[in-house]
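In what follows, every heavy atom counts, from backbone to side chain, and hydrogens, waters and symmetry copies are set aside. Note that the structure is a prediction, hence the values are computed from the model and not measured. Within every chain, numbering begins at 1; the chains are lettered A, B, ... in the order of the sequence lines, protein sequences first and strands thereafter.
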There are 2 protein chains.
Amino acid sequence: MAINTRTEYALRALLEILNSDGEAVSAAEICRRQMLPKKYIEHLLAGLKAAALVSSTAGARGGYILARTPDQIRLHDIMQAVDDTSWELGCNGKDDKYCLGADCGLHGIWNEIAEKLHNTLQEYTLAYIFEQNKTRETT
Amino acid sequence: MAINTRTEYALRALLEILNSDGEAVSAAEICRRQMLPKKYIEHLLAGLKAAALVSSTAGARGGYILARTPDQIRLHDIMQAVDDTSWELGCNGKDDKYCLGADCGLHGIWNEIAEKLHNTLQEYTLAYIFEQNKTRETT
DNA sequence: AGAATAGCATACCAAATTAGTATGTATTCA
DNA sequence: TGAATACATACTAATTTGGTATGCTATTCT
């Protein structure tokens with residue numbers, strides 16, 4: 001159980017977009033600054049756009065901007081945008097063939113835990129992470 | 001990001017062992033009752049033993065018993081026992097080649113989040129899960 | 001003692017997921 | 001028009017996950 005690179009990269013991309021303060025940033029520029037693989041990031045940005053976390057303009061001088069204020073973009077939103085299976089815990093997941101179905105007493109527990117973890121992640125906004133990141137960089 | 005079957009199966013095995021109330025339960029018996037693949041569970045039980053969550057006796061009439069009281073066995077312990085990479089979040093993970101190293105301001109954030117998630121998981125003891133499970137079954 | 005039962009260790013294998021690439025098309029600006 | 005860019009689809013490679021196979025070692029029962 002670990003946070004995958006999709007979430008990490010998406011977060012880094014969003015931080016880079018936020019850092020450009022309203023000016024559209026191209027995928028190429030994001031990748032150059034964060035040293036990330038371009039085509040892969042384009043994929044992830046498509047997910048972020050579908051989730052309405054960013055909006056984009058094509059063509060020359062185009063790129064991405066945030067579609068919400070940074071305090072309205074939360075970590076779990078980001079995770080879901082690039083990794084749509086997130087938080088199907090235990091036998092609540094799509095097709096656990098060993099789950100005992102109606103007799104399985106674990107469903108309730110997994111739901112409870114998933115909700116708690118979910119809430120914890122939602123506490124982290126892009127705005128907060130951006131500030132922390134900046135603080136660290138300048139010390 | 002999801003809890004894998006290792007954790008799920010390990011938990012189910014532990015519940016089954018707890019349910020036998022001190023009598024050793026064989027891997028075969030656990031698998032029969034929970035309908036789990038035997039060889040795979042043997043693997044997981046080896047992990048649980050290495051983590052000192054269960055102890056075992058070999059030979060005829062042998063099997064597994066809990067090595068701690070069920071309120072001392074916590075969910076994250078179980079996860080770590082069967083999945084030792086658990087909670088290396090983001091670029092704190094083993095070898096994120098795109099991490100910017102000393103200049104990466106995300107390490108602190110990931111640590112903070114990891115600790116929160118960790119704490120949430122540790123709140124869930126085997127004893128608690130067992131009770132919840134039982135309650136559900138008898139309603 | 002010896003058979004049966006069970007844990008334990010190692011290696012192997014298959015399916016799924018993850019990470020990343022390739023190719024080409026549509027859109028926008030200058 | 002042409003360069004720069006997003007966007008779409010398909011493919012590939014590496015890793016992880018889930019599971020088997022084989023066989024040995026330890027313990028208990030008769």
Protein and nucleotides 1-3 of chain C: nitrogen or oxygen contacts under 3.5 angstrom:
none

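- Mapped onto DNA chain C by nearest heavy atom, Val25(B) and Thr57(A) fall at different nucleotides, with Val25(B) at the one closer to the 5' end.
- By the side-chain contact (heavy atoms from CB on, under 4.5 Å) test, Ala51(A) is found to be paired with Leu53(A), Ala81(A), residues two or more places apart in sequence or in another chain being considered.
- Under the ring-ring contact (aromatic ring centres under 6.0 Å, His included) criterion, Tyr124(B) pairs with Tyr128(B), not counting sequence neighbours.
- Of the candidates dT18(C), dG20(C), dA6(D), the closest approach to any side-chain atom of Ser26(A) belongs to dA6(D).
- Remark: His43(A) engages no residue in a ring-ring contact (aromatic ring centres under 6.0 Å, His included) (not counting sequence neighbours).
- Of the residues in residues 58-68 of chain B, those lying under 4.0 Å from DNA chain D by heavy-atom distance are Ala58(B), Gly59(B), Ala60(B), Arg61(B).
- Whole-Å rounding puts the Asn4(A) CG to dA19(C) P distance at 5 Å.
- By the side-chain contact (heavy atoms from CB on, under 4.5 Å) test, Thr69(A) pairs with Asp71(A), Gln72(A), sequence neighbours left out.
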Q) Can you list the steps and then say if Asp77(A) with Leu121(A) is a side chain to side chain contact (heavy atoms under 4.5 Å, CB included)? A) CA-CA 9 Å; Asp77(A) 298 333; Leu121(A) 292 170; over 6 Å; no

Q | Chi angles and distances behind the side chain to side chain contact (heavy atoms under 4.5 Å, CB included) call for Ile17(A), Leu45(A) | A | CA-CA 11 Å; Ile17(A) 295 168; Leu45(A) 285 166; 4.2 Å; yes

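- Contact annotation: Lys49(A) reaches the phosphate of dC7(D) (side-chain N/O to OP1 or OP2, under 4.0 Å).
- Distance check, rounded to the nearest 0.5 Å: CD1 of Ile30(A) to CG of Leu36(A) gives 9.0 Å.
- Regarding Lys38(A), its NZ atom lies at a distance of 12 Å from the P atom of dC7(D), rounded to whole Å.
- The salt bridge (charged side-chain N to carboxylate O under 4.0 Å, His left out) test applied to Glu123(A) returns Lys116(B), not counting sequence neighbours.
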Listed pairs, N/O of protein and of nucleotides 8-11 of chain D, under 3.5 Å:
unit_1, atom_1, unit_2, atom_2, d
dA8(D), N6, Lys39(A), NZ, 3.4
dA10(D), N6, His43(A), NE2, 3.2

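- Applying the salt bridge (Lys or Arg N to Asp or Glu O under 4.0 Å) definition to pairs two or more places apart or across chains, those involving residues 13-22 of chain A are Glu16(A)-Arg33(A).
- In this structure, Leu45(A) places its CG atom 14 Å from P of dT5(D), rounding to the nearest Å.
- Residue Thr5(B) places at least one side-chain N or O closer than 4.0 Å to OP1 or OP2 of dG18(D).
- Salt bridge absent: Glu131(A) and Lys134(A) never bring a charged side-chain N and a carboxylate O closer than 4.0 Å.
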Q: In sequence, state the C-alpha distance, the side-chain angles, and the governing distance for Leu18(A) and Ile73(A), and then conclude on side chain to side chain contact (heavy atoms under 4.5 Å, CB included).
A: CA-CA 11 Å; Leu18(A) 172 54; Ile73(A) 295 177; over 6 Å; no

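- In this structure, Arg6(A) atom CZ and dT16(D) atom P are separated by 14 Å, rounded to whole Å.
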Q) Are Thr5(A) and Tyr40(A) close enough, and set up right, to give a side chain to side chain contact (heavy atoms under 4.5 Å, CB included), and what steps lead you there? A) CA-CA 10 Å; Thr5(A) 63; Tyr40(A) 196 41; 3.9 Å; yes

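- The salt bridge (charged side-chain N to carboxylate O under 4.0 Å, His left out) search around Arg61(B) returns none, not counting sequence neighbours.
- One interatomic measurement links the two molecules: CE of Met79(B) to C1' of dT17(D), which rounds to 15 Å at whole-angstrom precision.
- Over its full length, the helix from dA1(C)-dT30(D) to dA30(C)-dT1(D) turns its helical axis through 10°, comparing axes from the five pairs at each end and rounding to 10°.
- The distance from atom CG of Asp83(B) to atom P of dG19(D) is 14 Å, rounded to the nearest whole Å.
- Between Leu36(A) atom CG and dA19(C) atom P the separation is 13 Å, expressed in whole Å.
- Rounded to an integer number of Å, the gap from Tyr40(B) OH to dA9(C) P is 18 Å.
- Every residue two or more places apart in sequence or in another chain that forms a salt bridge (charged side-chain N to carboxylate O under 4.0 Å, His left out) with Glu42(B) is listed here: Lys38(B), Lys39(B).
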